[in-house]
2 protein chains.
Amino acid sequence: MMKSEQIYKLIWMSRPLMQAAENAVELGLDGTGLTVRTRAVLEILYAEDEATVPAIAQKLEINRQYVQLMVNETLADNLTVRCENPRHKKSAIITLTDQGRALIKDVIGREMSLVRSMSAGLNTSEVETALKVVTALIEKLKSNIESD
Amino acid sequence: MMKSEQIYKLIWMSRPLMQAAENAVELGLDGTGLTVRTRAVLEILYAEDEATVPAIAQKLEINRQYVQLMVNETLADNLTVRCENPRHKKSAIITLTDQGRALIKDVIGREMSLVRSMSAGLNTSEVETALKVVTALIEKLKSNIESD
DNA sequence: CAGTCTTGACATTGTACATGTCATTATGAC
DNA sequence: GTCATAATGACATGTACAATGTCAAGACTG
């Protein structure tokens, strides 16, 4: 098979991969009250410590209005709180509550141990290469779209 | 970075990859009247020559009712036709019309040439490895889900 | 302080499906 | 053949994940 055919195939495998990944994540979220999307919000806050709604939207590359809805859910569930923003009185800084931090930490921990159990049969350099190739493909696809 | 962290990262890159890929495909579909989904139907028919609606649904791993809608669209646009099925009078075999075949051939051809232009900087063995790793991950994720 | 941006809130719309139901055949077991 | 069961197409309804538009309040810039 030619290289370009393999790349083509690889690109189209992104959908099954994503579906399988999200199904697996969803399973791990069972009982937590989280969805894949609210989980994504908590994950960002866990990594960044704090962020405004528009900042989260930029990270997730989806629009701020929808992120606002997701954040409002996490606020209602007491997983996050609004803190005063010294730079902008109307735009609150969102941070995790202790409860939220514990929850996302637990979720990510369980996901990581699942991944570890899947890592048998794959060696480090192969994974590294795969990561590099996929990163490059995303870059190339995006730049192709913008160049129109 | 540890191997499992890299795998974790790779898995989560499937969404941006898929989005970038579908955006690129959508761009290539501009003016054809096709959507990413009807394109998928035509692609299967191009590869398989013929298929019933339930068979297409199985390939796409989505439910037959939705596939029926997509197929009906392609029938309305004269890209496919219903042929008699000797094995089942009610379930027509769907095949491409000459118009449909020419269209999907052209679309795939343009996609392939785009991929070729992106393949610089990636060598064959790297792509091969990436394909192998991603395939393995999909397998592992799916079997994990089923084992519950 | 006038004009422009940013943010949050809310309403509307769209896409991509899943699910349920029904009538119409088909098929397989007897 | 007959009868139970399954497969198919058609249609209705529901849902998750958003995009888009609009507005008012507040913030920032010159």
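In what follows, every chain begins at residue 1, and chains take the letters A, B, ... in the order their sequences are listed. Keep in mind it's a predicted model, so treat the numbers as computed, not measured.
When rounded to the nearest whole Å, the span between CG of A:N72 and C1' of C:dG8 equals 8 Å. Here the C1' atom of nucleotide C:dT15 and the CD atom of B:E26 are 10 Å apart, to the nearest Å. Protein atom CZ of B:R82 is 13 Å distant from nucleotide atom P of C:dT25, rounded to whole Å. In this entry the distance linking CD of B:E73 with P of C:dC17 reads 12 Å, nearest Å. Computed from coordinates, the A:I93 CD1 to C:dT6 P distance equals 17 Å when rounded to whole Å. One interatomic measurement links the two molecules: CZ of B:R64 to P of D:dA6, which rounds to 14 Å at whole-angstrom precision. The CD atom of A:Q68 sits 11 Å away from the C1' atom of C:dC10 (whole-angstrom rounding).
By the salt bridge (Lys or Arg N to Asp or Glu O under 4.0 Å) test, B:K105 pairs with no residue at all, sequence neighbours left out. Residues passing the salt bridge (Lys or Arg N to Asp or Glu O under 4.0 Å) test with B:E73: none are found, sequence neighbours excluded. Annotation: side-chain hydrogen bond (donor to acceptor under 3.5 Å, both in side chains) contacts of B:T32 (sequence neighbours excluded): none. Partners of A:R101 under the side-chain hydrogen bond (donor to acceptor under 3.5 Å, both in side chains) rule, at least two apart in sequence or in another chain, do not exist in this structure.
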Check the interface with nucleotides 14-18 of chain D: list each N/O to N/O pair with the protein under 3.5 Å, or write none.
from: D:dA18; atom 1: OP2; to: A:R37; atom 2: NE; distance (Å): 3.1
from: D:dA18; atom 1: OP2; to: A:R37; atom 2: NH1; distance (Å): 3.1

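In the set D:dG9, C:dA9, D:dC11, the nucleotide with an atom closest to the side chain of B:Q65 is D:dC11.
Salt-bridge annotation for B:R39 and B:E43: present, with a side-chain N of the basic residue lying under 4.0 Å from a carboxylate O of the acidic one. Checked for salt-bridge contact, A:R37 and A:E22 meet the test: a charged N lies under 4.0 Å from a carboxylate O. Taking a cutoff of 4.0 Å between a charged side-chain nitrogen and a carboxylate oxygen, A:E128 and B:K3 do not qualify as a salt bridge.
Remark on the helix from C:dC1-D:dG30 to C:dC30-D:dG1: inter-end axis angle 40°, axes from five-pair C1' superpositions, rounded to 10°.
Heavy-atom neighbours of A:E139 CD from other residues, nucleotides or ligands within 6.0 Å: at or below the threshold of 12. Surrounding CD of B:Q58 are at most 12 heavy atoms belonging to other residues, nucleotides or ligands under 6.0 Å away.
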